[in-house]
Number of protein chains: 2
Amino acid sequence: MANRFVQKLCGLAELATDDRSAIEKATACPRRYVARQDLIREGDEPGPMFVMLEGWACRYKILPSGTRQIMAFLMPGDACDLHIKLLAEMDHSIQTLTPAMVATVSRADMQALMSGHPNVARAMYSAQLVDEGIMRAWIVSMGRRSSVERVAHLICELYLRARTIGLTGDDEFALPLSQLLLADALGMTAVHINRVLKELRLAGAMALARGSATILDPVKLIQIAGFNENYLHRRLRKAL
Amino acid sequence: MANRFVQKLCGLAELATDDRSAIEKATACPRRYVARQDLIREGDEPGPMFVMLEGWACRYKILPSGTRQIMAFLMPGDACDLHIKLLAEMDHSIQTLTPAMVATVSRADMQALMSGHPNVARAMYSAQLVDEGIMRAWIVSMGRRSSVERVAHLICELYLRARTIGLTGDDEFALPLSQLLLADALGMTAVHINRVLKELRLAGAMALARGSATILDPVKLIQIAGFNENYLHRRLRKAL
DNA sequence: CGAGTACTTGAAAGCCGTCAAGAAGGGTGG
DNA sequence: CCACCCTTCTTGACGGCTTTCAAGTACTCG
């Protein structure tokens, strides 16, 4: 069974065998979570870093009005903030969306891993830069894209992210997100998401079934989304 | 003349005199820019890290439709991405908004500075965590806040950020942003920003003049915005 | 098999964008 | 110093996208 964290980091730097085994060792004792379980809540004191090995999670915030905004999806291979221990309290919560296996790595262990394995450090920093790029892309989507474009763009992003960790079929991939979750991530209502999905399905671009998404026409979907994958930085700098 | 970068980092970690002088040395040779000048463009190969010493800048992206989305405002003391050199190309552009003094620090110099001064490293990492918190807050604003709330929230944020680097008066602070810039940052049109500002002015919450903002009623503004300053992490962890 | 959640669809209201036109302010050149 | 121009700001009218409200259907889990 592949360690998705190792797999993801391998795409971000040249990792030797002992780099990989050191990463695996640091994440060797994951804990099992059920769906809809908070890993940490807004206001909590940050603890060790979380690493998603299986299953999905999200960063979210509940507003005074009771509405929720999801700020990021975490899929297998994704790690939470590197130096989070420096902060006094969390400014958002993190919750599993599916049953999940989550490893925790203390800041000391991560420091040791990174100082002993420079290429692991490079991969971790690159992963953080990609995460920041994704946040900026979300800001762009929310600010300047229509709801149809927004949905299409998110699906393109999630498909590519899933593909880099080997979780996609040919034109289909597992997407354990309800329409309500998509709505909370895209700043829309569940009702409107439903209408947009219907429109995308009738256009022959994509279809969303319970638990999986199907890309019916990649070119059309990319065109609708105005998708440019550069912010995912799949092509990294070869040499420093 | 205060070095705003030093001033900002001092708020993020305990810095000794030699820590501060090392930072000042690394940013000793800033370059002058005029307003509306790109520091770096989407697609460019990342170079040294930028540090704003005077003046404002923004991160932005132009969409195929020609519209612009601003993803972050950079004010004096703010630094751009730490490890950006790891990426092959920029996924967005950075442009000055006012005449500015900008220092550049090579990745090697920054590495040396941080490894020789652990508390500077802590401050830099904390600054990055705050920047990420700000991005998430923008996502929340764009997704779940009305236009009035959004404008109020941004003003609250910018006021607090300006205050930590000593750039605020009692109830007023320099805000060199046109209504068009605010619109591009908040995902609205300049026309609607204008109406919202009028509403906030008539409500007695705040007023925006050319180049400066006045907080007429802090309590009311915070209440309208639903503002919680926790994401700016002004209260950091005392000890590790 | 029952209950709750998720999905679907329609109708109406409202927020915000678009279009248009004019006023105000700042900078430049004569 | 003034005239001119351009950017920015301001306001009104209209239209459209999205939300809200409501009701009904399908699906899943206990």
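So that the names make sense, note that chain A is the first sequence line, chain B the second, and so on, each numbered from 1.
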So what does B/Arg145 hit on the nucleic acid, given a heavy-atom distance under 4.0 Å: a base, only sugar-phosphate, or nothing?
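Nothing: the residue B/Arg145, judged by heavy atoms under 4.0 Å, touches no strand.
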Using a 4.0 Å heavy-atom cut-off, does A/Gly187 contact any base of the nucleic acid, only the sugar-phosphate backbone, or nothing at all?
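Contact class for A/Gly187: sugar-phosphate only.
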How close or far is atom [atom2] of [N] from atom [atom1] of [X], stated in whole angstroms?
X	N	atom1	atom2	answer
A/His192	C/dC7	NE2	P	16 Å
A/Leu175	C/dC7	CG	C1'	16 Å
B/Arg210	D/dT10	CZ	C1'	13 Å
A/Leu180	D/dC27	CG	P	19 Å
B/Ile193	C/dG17	CD1	P	9 Å
B/Leu186	C/dC15	CG	P	18 Å
B/Met188	C/dT18	CE	C1'	14 Å
B/Glu199	D/dT10	CD	C1'	15 Å

Which nucleotide wins on minimum distance to the side chain of [X], given the candidates [options]?
X	options	result
A/Gln179	C/dT8, D/dT11, C/dA6	C/dT8
A/Val191	D/dA22, D/dT10, C/dC7	D/dA22
A/Arg201	C/dA6, C/dT8, D/dT8	C/dT8

Got a second to check how far A/Glu89's CD is from A/Ile84's CD1, nearest 0.5 Å?
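Result: 11.0 Å between the selected atoms.
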At what distance, to the nearest 0.5 angstrom, does CD1 of B/Ile193 lie from CG of B/Leu186?
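Separation between the atoms: 5.0 Å.
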Examine [N]: is either OP1 or OP2 under 4.0 Å from a nitrogen or oxygen in the side chain of [X]? Give yes or no.
X	N	result
A/Thr189	D/dT18	no
B/Lys198	D/dT10	no
A/Asn194	C/dT8	yes

Hydrogens and angles aside, do B/Asp171 and B/Tyr159 bring a side-chain donor and acceptor to less than 3.5 Å of each other?
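Judged by distance alone, the side chains do not pair up.
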Looking only at N and O atoms, is any donor in the side chain of A/Arg195 or the base of D/dT20 less than 3.5 Å from an acceptor on the other one?
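Side chain to base: pair present.
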Would you say the base of D/dT18 and the side-chain of B/Arg144 have a donor-acceptor pair closer than 3.5 Å?
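Between D/dT18 and B/Arg144, which were checked side chain against base, a qualifying N/O pair under 3.5 Å is absent.
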For a quick test of reading the model, state the closest non-hydrogen atom pair linking B/Asn230 to A/Asp91 and the distance between them.
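B/Asn230 and A/Asp91 have their closest heavy atoms at ND2-CA, 4.0 Å.
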Any carboxylate oxygen within less than 4.0 angstrom of a Lys/Arg side-chain nitrogen, looking at A/Asp131 and A/Arg59?
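So A/Asp131 does not pair with A/Arg59 through a salt bridge.
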